[in-house]
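Reading through the structure tokens given below for one structure.
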There are 2 protein chains.
Amino acid sequence: MAREAGVSRGTVSRVLNGGHNVSPTALAAVNAAIRRTGYVVNRHARSLITGRSDSVGFLLTEPQERFFEDPNFSVLLRGCTQALAAHDIPLLLMIAGNEAERRRITRYITGGHVDGVLLVSSHSGNPMAERLAKAQIPVVACGEPLGLGGQIAYVGADERGGARAMVRHLAAGGRRRIATITGPLDTPGGVQRLAGYREELAAAGLPADEALIAESDYSRAGGEAAMTALLRRAPDLDAVFVASDLMAQGALVALEHAGRSVPHDVAVGGFDDSPAALATRPPLTTIRQPFDRISTEMVRLLLARIAGDDPSAVILPTELVRRESS
Amino acid sequence: MAREAGVSRGTVSRVLNGGHNVSPTALAAVNAAIRRTGYVVNRHARSLITGRSDSVGFLLTEPQERFFEDPNFSVLLRGCTQALAAHDIPLLLMIAGNEAERRRITRYITGGHVDGVLLVSSHSGNPMAERLAKAQIPVVACGEPLGLGGQIAYVGADERGGARAMVRHLAAGGRRRIATITGPLDTPGGVQRLAGYREELAAAGLPADEALIAESDYSRAGGEAAMTALLRRAPDLDAVFVASDLMAQGALVALEHAGRSVPHDVAVGGFDDSPAALATRPPLTTIRQPFDRISTEMVRLLLARIAGDDPSAVILPTELVRRESS
DNA sequence: CTGAAAGCGCTTACAG
DNA sequence: CTGAAAGCGCTTACAG
């Protein structure tokens, strides 16, 4: 290659790395030679020197069923792959469903095989975020990692605001006994969406009633079970804000079994605007999470972290999407 | 490391690469030192020598909506990640939704960044398989790549047999006007499942009727549209075999709009046994594709290809799963 | 602005 | 079975 362009290997390398301190003549010669020969740098040789891998990990720490079932993960994964591809950075997919895998993957990551990791998991109790932060690995989480304030960069949606918007919408439709099915209360989404529900109920002058609140697990089956429990505890409910579309799918099944028509008897609101929201009968009114922008921002923050920036947080707005379920 | 174990770097390397030609004493010393220091080989240095990257690509060549919508991809992706993790091989996710991306990724792959690729795409008309094969990249496809017979290893399910089993099941339920919604007829799944439908209809002594056949695109919306068209063309149909669960989800919507009850008026059978099959009302009777085994086999074949084996094909059995839609 | 040289951390013949 | 040595293809001070 150097011979092909009639310059030294050092000059070729300088061209490849930004073209600083290179004369226009040399630059042109090298670029021409690159074009002519289809030369591609050997990433391994480069990484051996620089100590960087020029790749990042997408780490999913969820039990395997969740990944199968919840379309949100695919959406996020695809968005991040795209955003990284624009920088010509490959994404390594890592799935840590249990402690053995978490150990193996931690070893792998701290071994320097990736420059940073995009961490996706609904549960914030999981130990990966902390371990990686301790090992000085640049990490950007999806959603605020509870209890690790400030140590880890993250991108989140305005969960609380979204929840309030949904409850406001249900109340505006004349509903007075508005129930909620929450996500796990050890997850930021679970906590924030419930907080928004409570706030808006108060703002609307509706009484708080713990019988109208059921905690669930973001799964379809969990949503169905929670809805069944709510109907037993509070048969007079006339609306329900379900903290994920997938759980809402389950809730609709329970409502159908109970002979309640949607939205006539019970108005239903979901959260996410995932593909699941279009798969239900009736289609779900829901809160749209801007997954495209979330992925883009996660990648931007991670690249900045890798370049040495301090951790920062980005909160993106959510939006009410009206369909037929309420 | 060599010093730590009191042997030469050559000996350490030999231990790391299988421990051949190493005395038990040296082996023990090296292993102890590894344990003690938490030593991890530098993959880049190793790759620089061996010319291999010790990683493989998972290449998805689908327009982006499909990946969002179709749970089969996630299932496959997860299975392959797991299977590779067992060999400590990272998976690079690559998504080529358009020609520009295909070009970039082809360059990337032929640049030696991965040792082989797992190719997933329903359409066989796409040019990646051929390009990669030409560039001598080990490839294993999911489903038989049409028109590339023998050049490319692949793993598939017994699509035709599955289709036959479903039609047999519908006929056994007393249905006589059995329609079908096919996948795209430039995909192996589209072709094979339709062939199975035709064969079994003939075997059951039921007349063939082209009005009962509608081609679609594996999407939910496509399934809905196709079902609507079928109901118009053949209002007397009493069953429909839909070539994917996602399309069946759409078909159920169309049937509901048309006021046909399932399974009473129309029996519905899907294909895949994807998570979508459990999300419908009623749950779908479907043909189970053994995605777990498919991923495992794809990985096995790819590793064998990389090791120098000739391309081979594996066909896995499918199975009827009875639920409530027929 | 540019070239010669050192060195990144491994693997692999080659002697012994 | 083992060590010394060469070399993989880059990048990066260092002189000039």
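Lettering of chains follows the sequences in order, A, B, ..., and the numbering in each one begins at 1.
Using a cutoff of 4.0 Å between basic side-chain nitrogens and carboxylate oxygens, B:Glu99 and B:Arg131 are scored as salt-bridged. A salt bridge does not link A:Arg288 with A:Asp272: every distance from a Lys NZ or Arg NE/NH1/NH2 to an Asp or Glu carboxylate oxygen is 4.0 Å or more.
Along DNA chain C, the nucleotide nearest to A:Ala45 and the one nearest to A:Val22 differ in position, and the one closer to the 5' end is contacted by A:Val22. Nearest-nucleotide positions on DNA chain D for B:Leu48 and B:His20 put B:His20 closer to the 5' end. Residue order along DNA chain D, read from the 5' end via each residue's closest nucleotide, puts B:Arg9 first among A:Val12 and B:Arg9.
A donor-acceptor pair is defined here as one N or O able to donate and one able to accept, closer than 3.5 Å; no such pair exists between the side chain of B:Ser55 and the backbone of B:Pro90. Side-chain N or O atoms of B:His44 include none that pairs as donor or acceptor with a backbone N or O of A:Ser47 at under 3.5 Å.
As a whole-Å value, the separation of B:Arg46 CZ from C:dC8 P is 19 Å. Atom CZ of A:Arg52 and atom P of C:dC8 are 18 Å apart (whole Å). Across the protein-nucleic acid pair, B:Ile49 atom CD1 and D:dG7 atom C1' stand 6 Å apart, rounded to whole Å. When the P atom of D:dG9 is taken as reference, atom CD of A:Glu4 falls 16 Å away, rounded to whole Å. Nucleotide C:dG3 holds its C1' atom 16 Å from the CZ atom of A:Arg3, rounded to whole Å. In this structure, the CG atom of A:Leu16 is 8 Å from the P atom of D:dC10, given to the nearest Å. D:dC8 atom P lies 19 Å from atom CG of B:Asp54, rounded to whole Å. In this structure, the CZ atom of B:Arg43 is 20 Å from the P atom of D:dC10, given to the nearest Å.
Contact annotation: A:Ser13 side-chain N/O to D:dT11 OP1/OP2 distance is under 4.0 Å. For B:Asn21, no side-chain nitrogen or oxygen approaches OP1 or OP2 of D:dT2 to under 4.0 Å. Remark: A:Tyr39 is not in phosphate contact with D:dG9, judged by side-chain N or O atoms under 4.0 Å from OP1 or OP2. Phosphate contact (OP1/OP2 of D:dG3, side-chain N/O of B:Thr11, threshold under 4.0 Å): present. Taking side-chain N and O atoms only, A:Ser47 has no distance below 4.0 Å to OP1 or OP2 of D:dC10. Put simply, A:Thr50 has no side-chain N or O that comes within less than 4.0 Å of OP1 or OP2 on D:dT11. Regarding contacts with the backbone of D:dG3, a side-chain N or O of B:Ser8 is found under 4.0 angstrom from either OP1 or OP2.
In this structure, the nucleotide among D:dC10, C:dC10, D:dT2 sitting nearest to the side chain of B:Ala26 is D:dT2. Residue A:Asn42 places its side chain closer to D:dG9 than to any other of D:dG9, D:dT11, C:dG9.
Nucleotide C:dC1 forms a Watson-Crick or G-U wobble pair with D:dG16, both donor-acceptor distances falling under 3.5 Å.
Judged by distance alone, with hydrogens and angles left aside, A:Arg14 brings a side-chain donor or acceptor within reach of the base of C:dG3, the pair sitting under 3.5 Å.
Across B:Gly112 and B:Ser53, no two heavy atoms sit closer than the pair O-CB, 4.0 Å.
By the 4.5 Å heavy-atom criterion applied to side chains, B:Tyr108 and A:Arg43 are counted as neighbours.
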